[in-house]
Amino acid sequence: MRFLRKLLLPVLALASLALARSSTGDSVLILLDPSLKKENFSVFFGDLENKGYQLTFRSPKDATPEIIKDDVAQFAHVVVFAPNTKTFAADVTPQALVSLLSKNTNLLLALSPKQTPLTSLASEFSLILPPPGTPLISHFPKRDTPATVIPVDAPAAYDIISPNLPPVWFSGVPQALGNNPMLVPLLKAPTHAFASDGDSDSGADALVEAAEKSGEGLWAGSSLSLVTGFQALTNARATWVGGVEMFSDEFFNKEISKGVKSGNRQFASDVAAWTFQENHVLRIDTVEHHRVNETLPSETYTINDRVTYTAYISKYDSELDVWEPYSGIKDLQLEFTMLDPHIRTSLPPVAGEPGKYSVTFRVPDRHGVFKFVIDYKRKGWTYLTSSTVVPVVPPRHDEYPRFLSAAWPYYAGAFSTSAAFVLFVALWLAGDDREPKKSKGAKSE
Amino acid sequence: MPRHWRAPFSFLLSVVILPLCTSAANSFENTAIVRTVELGGALVHVTTTYAVKALEDGSSVYTIALAEQEHAHTSWLEAKLKGESERLPLEDFGFHQDSGVFLYTIELPKALNTNQTANLVIETVQTHATYPWPEEAGQKDGQSLKYEAELLVLSPYKTAVQRTKVRSPSPQIHSYTTPEDVEFTTDAVATKSGATITYGPFHDIPPSATSDFADKKQKHITVHYSYDYPVLEVTKLERAAEVSHWGANLNIEDKYWLHNAGPRLKGHFSRLEYQTQNYFGRPAPHTIPALQLHLPAGIHDAYYYDLVGNVSTSHLRTTPSIPKGAAPNQYSVLELRPRYPIVGGWNYSFTLGWDSPLEDYAGYDKATGKYVVSVPIMTVIPGSVVDEAEVKIVLPEGATDIEYFVPYPALDETISTHISYLDTVGRPKITLKYAQLTDKHGGNIYVTYKVPFSAHMKKPVAVTTAFAGIFTLALAWKRVDFRIRRK
Amino acid sequence: MPLAYTLPSNLSPATVANTSSLLRIVALALISGAAIASRLFAVVNFESIIHEFDPWFNYRATRVLAEKGFYAFWNWFDHTAWYPLGRVVGGTIYPGLMATSGVIYNVLHALNLPVDIRNICVLLAPGFSALTAWSTYMFTKEMKDESAGLLAAAFIGIAPGYISRSVAGSYDNEAIAIFLLMFTFYCWIKALKTGSVLFGTLTALFYFYMVAAWGGYAFITNMIPLHALTLILMGRFSSRLYTAYSSWYAIGTLASMQVPFVGFQPVRTSEHMAALGVFGLLQIVAFAELVRAHVSSRHFQSILFGSVIGIGVLGVFAFAGLTYKGWIAPWTGRFYSLWDTGYAKKYIPIIASVSEHQPTAWPSFFMDLQFLIFLFPAGVILCFRELRDEHVFVIIYAVVASYFAGVMVRLMLTLTPVVCVAAAVAFSSLLDTYIDPVEPDVLAPSTQATEAEVPAGDSPANAPSGSATTSKKAKKAAAADASSSGLASGVLAAMSPSGKSAKPRGIFGLDTRIVVIANALGMLLFFVLHCTYVTSSAYSSPSVVLASQNPDGSQHIIDDFREAYYWLRQNTPQDAVVMSWWDYGYQIAGMADRPTLVDNNTWNNTHIATVGKAMSSPEEVAYPILRKHDVDYVLIIFGGLIGYSGDDINKFLWMVRIAQGVWPEEIQEPNYFTAKGEYRVDDQAAPAMKNSLMYKMSYYRFAELYGGNSAVDRVRGQQVPKTGPTLDYLDEAFTSENWIVRIYQVKKEDLLGRDLKTANSFDQGKKRKKSKPLARRKAVV
Amino acid sequence: MLLLPLLALLSLPFCLAASISAEDAHQKLVKLAAANNGLIKLDDSSYNLLTHPKRTWSSSIHFTALDPRRRCAPCKEFDPSFTAVAKSWSQVPASERDTHFFATADFDNAMGTFQKLGMQTAPVLHVHLPAEGSRRPASGRTAPIVYDFSNGFDAGPLAEQLSQYTPVPIPYKAPIDWSKYGTAAGVTLIFLSTVRLFLPILRSRWAWAIGIVLTSLVMTSGFMFVRIRGMPNSGANGQWIAPGYQNQFGQEVQVVSFVYGLLASGFLMLTLVTPYQTNPYRQRLQVYLWSGVIFVMFSVLISLFRVKNRSYPFKLLL
């Protein structure tokens with residue numbers, strides 16, 4: 001019995017692993033250029049299928065299956081492995097690919113040193129590619145492969161890539177990064193690598209001159225990125241890969257050094273996992289706000305109220321394909337904004353209640369239409385944004401303090417005067433009536 | 001849902017039917033079923049003809065079945081004998097658990113003996129059965145809808161042969177499903193000719209009003225066709241009819257909340273586009289520039305305004321009121337233009353009202369001393385569905401023993417009091433609520449009530465007393481001297 | 001005595017008195033009817049709708065009051081106005097108007113008369129105009145007599161100068177303010193005449209109502225003290241003046257401070273200091289009088305008098321000092337702009353930009369008052385003739401109001417009543433003279449009229465006593481005349497000015513009478529025609545709906561405003577923020593029910609300047625502003641297609657000016673003119689003009705409407721460029737039928753974080769130039 | 001000591017502005033400014049000097065054409081106030097003073113510059129902000145800021161506006177107009193001394209009456225409009241009725257108020273004077289006369305109004 005259970009556990013684990021799912025859907029369209037054979041990528045695609053994705057293959061040239069039909073994206077993820085294709089079918093335009101992102105479809109695109117439509121598309125993602133036909137080259141470490149095939153060690157970037165991988169083989173074109181906060185560089189070029197036209201091993205000087213001539217400086221060093229993720233405002237993800245070979249079986253199996261296989265396989269599946277929104281996926285379930293020691297939200301708050309704001313955040317768990325409460329965010333912030341933030345405070349997780357973040361603060365002494373704003377943007381993670389509008393109003397006429405001690409003289413004055421008046425009237429009416437008339441007459445003379 | 005009640009009858013029936021329709025019933029068999037679906041916008045008219053053969057004597061109660069989804073869409077259901085006009089009594093049995101269908105029973109005018117046949121025609125109107133596809137369309141694009149339905153007509157009886165015809169208003173049918181491996185036929189399942197798609201014929205189908213049939217054998221069909229008329233929805237309709245004996249006037253006021261259920265406008269509305277389209281005389285199919293309403297004859301003082309005031313763009317061509325009893329074949333035609341063209345996905349709400357002479361609608365019954373008023377439930381906007389309707393009828397002040405008769409039962413009916421000009425105790429108000437009304441649902445509510453003479457006199461008396469009071473007060477004021485001391 | 005024509009003589013005085021009073025009531029009723037009817041043109045020609053701009057806010061506020069009750073209204077914080085600042089409505093408005101119609105509404109509903117609140121608001125102004133006529137009647141009656149009163153009532157009932165602000169639907173403060181003004185003045189005169197505290201208190205109460213109703217109450221606050229001061233200087237101080245003024249000031253000031261919007265201004269601001277000063281002066285003078293009554297040494301008195309004056313002067317200096325120290329706020333800008341007429345344009349362009357704050361040319365005087373305008377001086381002279389206290393009031397009123405009316409068009413409103421009163425006095429005394437059948441006997445020595453008037457001017461000292469008794473005299477006279485003359489008595493009543501010497505005066509012959517009367521009646525007739533014409537043609541269009549003529553002459557209604565507003569209301573999310581120039585703020589709030597950035601209550605110059613800046617700067621500059629204020633839609637008015645001249649391009653310069661006031665570096669008016677200093681929108685338009693958001697939104701795709709032909713802007717009468725402007729940061733969301741209202745939607749940020757210009761060019765498939773890598777990657781060698 | 005600036009002036013044409021460094025340019029400018037109490041007279045070369053590309057100073061340059069041949073009235077109007085402001089600027093301590101310069105470029109001295117800037121009109125006032133140094137504007141704007149003459153040629157607002165660009169506000173004070181105060185004081189003195197003589201007039205109501213009636217007559221005939229809008233007394237080519245309904249000339253005030261006055265007096269005559277005429281024939285004469293006057297004048301007034309407001313349908317005699 002016990003033995004049986006022992007045997008079961010790993011099986012179950014495997015099963016659950018196999019069922020790793022994306023949070024957005026399982027259908028994947030792979031635009032595969034006929035020149036690169038499907039078999040060459042069998043391992044990568046196999047891994048995807050094992051994870052539970054339904055792969056659909058299509059050559060960039062032929063028309064079906066369409067990626068967008070009746071304005072509806074037909075697939076949850078699109079992989080474009082057509083680095084050298086010059087002409088695509090009518091429905092695969094750069095515009096269409098971008099609109100896919102707006103329809104929350106994820107993209108995985110492979111580049112190559114050649115000039116293709118994708119090259120111009122890359123610049124829309126503020127990636128800057130070297131001039132055509134300049135792959136990445138490195139002569140270190142000494143190895144038997146050509147200079148364009150480079151072992152790159154892959155640090156765990158934004159813990160998207162699983163840690164302490166063996167170096168991965170890369171061959172393709174590097175990208176310089178524009179200053180766009182949405183970029184997530186997943187693999188950086190080695191410091192000693194550089195981009196140069198052709199793998200002809202010309203001297204460094206010649207290279208520098210060439211660089212100077214083209215006026216673009218030397219494409220070199222670790223600031224270049226080889227695999228770059230991009231997270232659009234719609235939280236759809238697009239990943240640009242410098243060279244499609246990274247995903248090929250050849251590179252998967254290629255040994256990095258005696259007996260050590262390359263990290264490509266794991267790296268590829270990590271990249272795919274992130275791109276297909278399997279991990280690093282958060283969402284705000286609900287937000288609440290109410291006065292302290294009340295429970296229901298009130299539609300307006302009075303200045304100087306004490307208000308409690310609560311957000312419930314959950315994270316997608318790809319193993320179990322469920323959203324579960326997540327308290328892992330430490331640097332979440334809440335802003336209380338009218339034109340400018342009047343209050344900016346940290347929104348800490350509530351201990352003991354997973355997924356609940358709450359803060360209590362005093363509404364500023366300023367009436368107007370305010371917004372509770374959460375704007376959480378961290379590299380690699382989905383963006384959390386939420387904005388709730390509440391008017392802040394001045395106190396009602398009966399909410400001001402009454403009977404100020406300072407005002408007693410006035411009260412006294414008022415009451416005494418009225419009393420005196422009543423008294424006077426009484427006397428007046430009671431008294432003789434000829435006398436006042438006379439005085440009046442006298443005056444008006 | 002229209003039903004024609006026969007309370008005792010139904011009770012007795014239920015005993016008979018239920019076992020019958022669960023087990024494959026054998027009192028009838030369908031020699032042929034032909035279903036014709038007239039595709040439309042918000043409304044889809046479905047006519048199903050059952051050629052029925054009795055298998056045993058004295059079988060007079062025929063049962064029909066509607067699948068769940070079909071039932072959800074159906075908002076009008078009537079049964080006739082072929083070629084005859086009067087409706088057959090129809091009774092609802094609601095959802096039948098273990099067969100997963102809604103059952104209705106039709107009582108044939110005369111019981112059939114064995115091998116006698118009859119031709120039943122079931123007419124249903126489906127609302128919200130279609131949806132625009134693609135969901136968004138630019139100002140220049142056309143408009144296409146999708147219709148989804150079940151392939152086979154369910155019936156608790158065996159069926160010899162069955163056909164389903166889907167007729168689209170325009171021959172432009174983008175796509176239609178041809179279900180695979182339908183076992184009841186050998187040749188092509190679907191054939192398209194012009195604007196019509198014919199499914200079947202399907203031969204000798206077993207009693208199909210069972211859940212496992214629905215699971216295993218039933219097929220789902222989708223038709224994607226282009227539709228050149230706007231799809232109009234009235235999300236809410238409030239009608240208030242006020243009967244006034246003093247003014248000899250019936251005032252009817254409708255509040256409409258319109259919604260264009262066609263494809264949502266892609267991008268933005270460009271007046272330039274719109275004007276050029278009109279200039280070249282090809283307006284987009286999914287914009288509603290104007291509406292044409294048929295108001296009753298003999299009305300006057302029609303008004304048409306919305307939340308920001310009178311809408312000046314409307315024309316009313318009235319016709320003189322027609323004498324009682326004559327066929328109501330004339331209308332006053334109201335040509336009303338909304339403030340802006342209602343493009344796909346847009347809303348527009350407005351109020352429309354008119355006065356009409358009371359004698360056109362009311363009568364006085366000497367014998368019982370009762371007034372009878374007939375109030376039309378709604379003014380039908382052709383081809384539109386009314387999702388939610390509320391009809392208020394305000395009777396004159398002091399009306400007593402009120403009764404009312406409706407053409408089909410309301411979801412909710414209440415009687416309350418409504419206080420209006422110069423009222424002292426208020427007027428009785430009848431409120432009826434309906435849902436999913438179609439152009440079949442036109443009809444009148446008949447209200448009978450008594451108004452004693454004293455009630456008639458209430459208003460003048462009230463006014464006179466008020467004024468008398470004021471004058472007396474004034475007099476008193478004049479006479480009383482408030483000065484403290486006399487001069 | 002000979003009679004020019006015979007009168008029925010067999011009438012008892014009682015009958016005559018009753019008939020005349022009955023006639024008076026009937027006449028008043030008819031006048032009220034005329035006053036109301038002549039204001040209904042707008043409803044007849046168009047519909048029962050709220051006019052203009054401000055009334056829309058009043059209407060909205062009134063709805064809140066009617067639906068949610070008074071306290072909710074008092075505490076109403078309108079978070080849809082001045083987004084995102086919001087507006088504390090309760091504390092920033094004069095609630096009188098809303099309260100009035102709220103009360104009417106509730107009363108009617110309590111009586112089971114479920115009248116729609118809109119109709120109450122629409123018909124409030126005509127209703128009150130009838131009351132105005134009545135109060136003018138009372139006022140003028142105090143000046144001369146009932147007949148003059150009736151004339152005055154008729155005049156004010158139909159004078160265009162007043163109709164212009166009180167047609168049905170112009171639901172503005174002025175609608176009730178004029179009635180309150182006249183009635184307060186009437187009470188004041190009454191109080192002054194009788195010296196009764198009751199009327200003094202009434203004055204105060206109506207003053208309070210006025211304060212609650214209209215910012216123009218400052219006019220009363222200064223008129224009454226001025227009158228009192230003049231009386232004192234004329235040596236006409238009396239206990240009646242003292243009683244009247246003190247009771248008015250004490251109660252009125254306390255009451256007025258209860259209005260939240262006014263608060264402590266009555267003791268803090270210069271506008272109110274005159275009243276306070278005169279109050280103080282009165283106390284001193286009263287004290288002096290008291291002393292004088294008891295002490296009898298001339299010398300002492302003169303000293304006393306000097307000291308009184310001295311104290312008065314001291315008070316003035318003290319006031320100056322306080323103002324200087326800042327304890328008393330100096331004149332507010334709006335008030336100050338009345339004196340230094342250049343002030344507003346220089347320092348408060350927002351005020352200067354309003355059309356009704358422009359000075360008045362003589363045609364508009366004549367348009368509004370026709371022949372009253374030249375009867376008015378005659379009336380003033382007549383007031384001088386018998387210079388009772390109330391006449392002094394009219395005289396002061398006349399001169400002050402005519403100055404104000406000259407400075408600001410809208411103040412014509414305050415001039416109209418006094419003109420009507422004076423004219424009525426003049427006119428009725430003319431009629432009195434020529435209708436009176438009594439002919440003088442020829443033997444009387446002929447004299448010069450001028451001499452005749454010297455005794456007419458009685459010495460100031462005994463005028464008050466005279467005036468005090470006038471009314472009674474009048475009654476007697478009426479009765480007396482009534483005995484002799486029948487129907488004429490109504491107008492003849494009380495035609496005996498106080499203290500006139502018994503000189504034989506009268507007219508000989510019937511023809512003379514007929515000539516003058518005919519002439520006069522002809523003028524009256526003409527006046528009626530004039531008023532009807534002016535009212536129907538000029539003052540009865542609810543600028544929300546425009547009317548034009550079809551080729552067949554029938555009326556064609558242009559309803560673009562409501563079309564667009566209703567579209568906003570029906571097809572945009574409830575909380576979509578709409579940005580427009582402030583003129584349309586109230587209408588958007590009222591009809592479209594959407595939040596607005598700025599509106600006609602122009603309390604926050606910076607916010608308005610922000611909108612002005614956004615409108616007058618290029619797209620990429622404006623976009624951050626729009627996003628910061630959460631603007632979803634931008635609404636502009638464009639008249640170029642049908643030639644509607646009141647559109648935003650014509651107001652554009654004011655936007656630029658106001659923006660320039662806050663950001664002088666970024667916005668400069670001259671940049672929007674061509675090199676030759678012209679204001680053009682065609683090809684030669686200045687670059688700043690062409691790039692401005694307003695220009696782009698106005699002419700976006702306008703040229704395309706004309707196909708190939710040249711597109712002409714019908715307002716500016718210029719050809720707009722063939723290739724119209726392009727928009728990258730906004731989308732055209734809606735354009736009304738005649739293109740008058742154009743609504744644009746502000747785009748959201750690009751999902752790839754590009755700026756929208758590049759995003760746009762990418763979507764249109766334009767090649768972008770290859771971007772160079774960043775400079776930090778220069779070659780390291 | 002006056003020699004130095006002269007030398008500088010002479011030397012200027014020879015050295016091109018761009019060639020010399022900012023410092024020397026600054027030196028020269030300071031000298032120039034000192035020479036002519038704070039106001040630099042510009043010619044083409046010194047203009048280049050002043051708008052040196054690497055300037056650390058700001059400057060306000062006033063382009064004008066004072067030569068009578070140019071017939072530039074506004075130039076003459078504006079020049080004194082600019083000079084006054086420049087003068088007042090020369091009072092501030094040297095440290096600030098030398099960071100902002102006032103300069104006048106007359107068309108006849110600096111034609112080249114005028115052509116270079118393509119200047120059509122005068123006067124124009126440019127403000128050049130520093131291109132270098134601490135006071136360099138954040139926007140980095142080097143193009144001159146054009147002064148907006150919308151609020152007049154007066155020195156007060158000018159100083160106020162320019163103070164935004166100078167390191168310290170310009171200490172401009174409007175010169176006290178002694179003559180005004182003097183006359184005012186004199187008048188009051190005379191009045192007070194002779195008040196005894198005036199007293200009867202002040203006492204007489206008719207004096208007041210005339211005064212007040214005249215005031216209101218003038219006011220109601222659009223005097224304030226003419227004054228505020230600064231309308232001319234009569235239009236060009238001698239027309240004295242301004243076209244347009246919301247518009248009028250100075251002369252109309254006189255005419256209209258005269259007509260009003262005549263009509264008013266007509267009524268007064270009929271009401272007050274005629275009844276005392278005890279001779280029936282004279283009286284009848286007067287009555288007819290005045291009625292006629294009223295009728296005629298009224299129709300004249302109407303026709304006047306018709307000229308202003310064309311769409312007015314009614315008319316009397318003419």
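Below, read A as the first sequence line, B as the second, and so on, with proteins coming before strands; counting in each chain starts at 1.
The environment of NZ in C/Lys748 is crowded: more than 12 heavy-atom neighbours from other residues, nucleotides or ligands sit within 6.0 Å. For B/Tyr303, the OH atom is densely surrounded, since the number of other residues' heavy atoms within 6.0 Å is greater than 12.
Residue with the most contacts toward chain C among B/Thr276, B/Ile419, B/Asp306, B/Leu422: B/Asp306 (heavy-atom pairs, distance under 4.5 Å). By number of non-hydrogen pairs under 4.5 angstrom with chain B, the leading residue of C/Ile743, C/Asp731, C/Val545 is C/Asp731. When B/Leu307, B/Asp423, B/Val311 are compared by the number of non-hydrogen pairs under 4.5 Å with chain C, B/Leu307 comes out ahead.
Remark: B/Gln275 CD to C/Leu705 CG distance equals 6.0 Å, nearest 0.5 Å. To the nearest 0.5 Å, the span separating CD on C/Glu737 from CZ on B/Arg337 amounts to 5.0 Å. Distance check: B/Leu272 CG to C/Arg701 CZ gives 4.5 Å after rounding to the nearest 0.5 Å. Note: B/Glu273 CD to C/Thr735 OG1 = 11.5 Å, rounded to the nearest 0.5 Å.
Residue C/Arg569 touches chain B through its side chain alone, counting heavy-atom pairs closer than 4.5 Å. With a 4.5 Å cut-off on non-hydrogen atoms, B/Thr424 touches chain C through its backbone but not through its side chain. Proximity to chain B (any heavy atom under 4.5 Å) is restricted, for C/Glu47, to the side chain, taken from C-beta onward.
Of all heavy-atom pairs between B/Ser420 and C/Pro114, the closest is C-CD, 3.8 Å.
Note on ring orientation: taking the six-membered ring where Trp is involved, the planes of C/Tyr566 and B/Tyr348 are perpendicular (angle over 60°, cut-offs 30° and 60°). Ring geometry for C/Phe734 against B/Phe269 counts as parallel: the plane angle stays under 30°, on a 0 to 90° scale with 60° as the upper cut.
Looking at C/Arg562, its side chain does come within 3.5 Å of a backbone N or O of B/Asn310 through a donor-acceptor pair. Side-chain atoms of B/Tyr421 do not come within 3.5 Å of backbone N or O of C/Asn112 as any donor-acceptor pair.
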